Amino acid sequence: MAIERTLIIVKPDAVNRGLAGKIISRFEEKGLKIVGLKMAWLTKDVLAEHYAHLKGKPFFPGLVEFMSSSPVVLGVLEGRNAVEVVRLMCGVTDANKAAAGTIRGDFSMSTSCNVIHASDSLDTANKEIARFFRPDELFNYDLNSLKYLYAPDELGR
Ligand code: UDP
Ligand code: MG
């Protein structure tokens, strides 16, 4: 299992319900590293590209309408087997059927307003990251918890 990067979108329902911080916290607590994070108001054009595989589905126009109804929070998460881990943490699409303990299972009752998007494969993740993030918006750094729990002069006392 390699170190992977995956894309998440905290959807308009979660942003407007004040759940963005809570949802991002879950990934941090799990041990995933945030390597990109920003707010954006997605256009219908970029959403039509992002959801191109669903064009023709009866819910497609409503989905684009919903996803462009307010700003969203976009993130890139890095970790071992990150694509699968993040999908498991999100739960299945229909939040009514998503297991308790998953993000959708805990925060939503809906198949449409299901609080989070996550890339479904490594190939999709690479495409989605490139769609929403410029290279200079992604950061390589070592997660070093100790360094940020204490000031340098407090260490070693
Ligand atoms: N969606 C919907 N109605 C459906 C199925 C999906 O509104 O019957 C929306 C929902 O917001 C979902 C998104 O379309 O998250 C993308 O669908 P997909 O099948 O890719 O589910 P996901 O990968 O998000 O679990
Ligand atoms: Mg999907």
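Everything numeric in this text was worked out from a predicted model, so none of it was measured. All heavy atoms count here, side chains included; hydrogens, waters and symmetry mates do not. Order of appearance sets the numbers: ligands from 1, and atoms from 1 within every ligand.
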### Message
Strictly by side-chain hydrogen bond (donor to acceptor under 3.5 Å, both in side chains), give each pair with a member in residues 18-29 just once, sequence neighbours left out.
### Response
Arg26-Asp106
#### Entry: More than 12 heavy atoms from other groups under 6.0 Å of CE on Met39
yes
## Note on the structure
Exactly one candidate in Thr43, Val46, Leu63, Leu47 meets side chain to side chain contact (heavy atoms under 4.5 Å, CB included) with Ser68; the answer is Leu47
### Task
Please indicate whether Asp136 has more than 12 foreign heavy atoms, meaning atoms of other residues, nucleotides or ligands, lying under 6.0 Å from its CG.
yes
#### Entry: Close side-chain approach of Val76 and Phe132, heavy atoms under 4.5 Å
no
### Message
If you count every heavy atom of other residues, nucleotides or ligands that lies below 6.0 Å from Phe59 atom CZ, does the total exceed 12?
### Response
yes
### Message
Given a heavy-atom cut-off of 4.0 Å, could you list the residues near ligand 1 in chain and number order?
### Response
Lys11, Tyr51, His53, Leu54, Phe59, Leu63, Arg87, Thr93, Arg104, Thr111, Ser112, Asn114
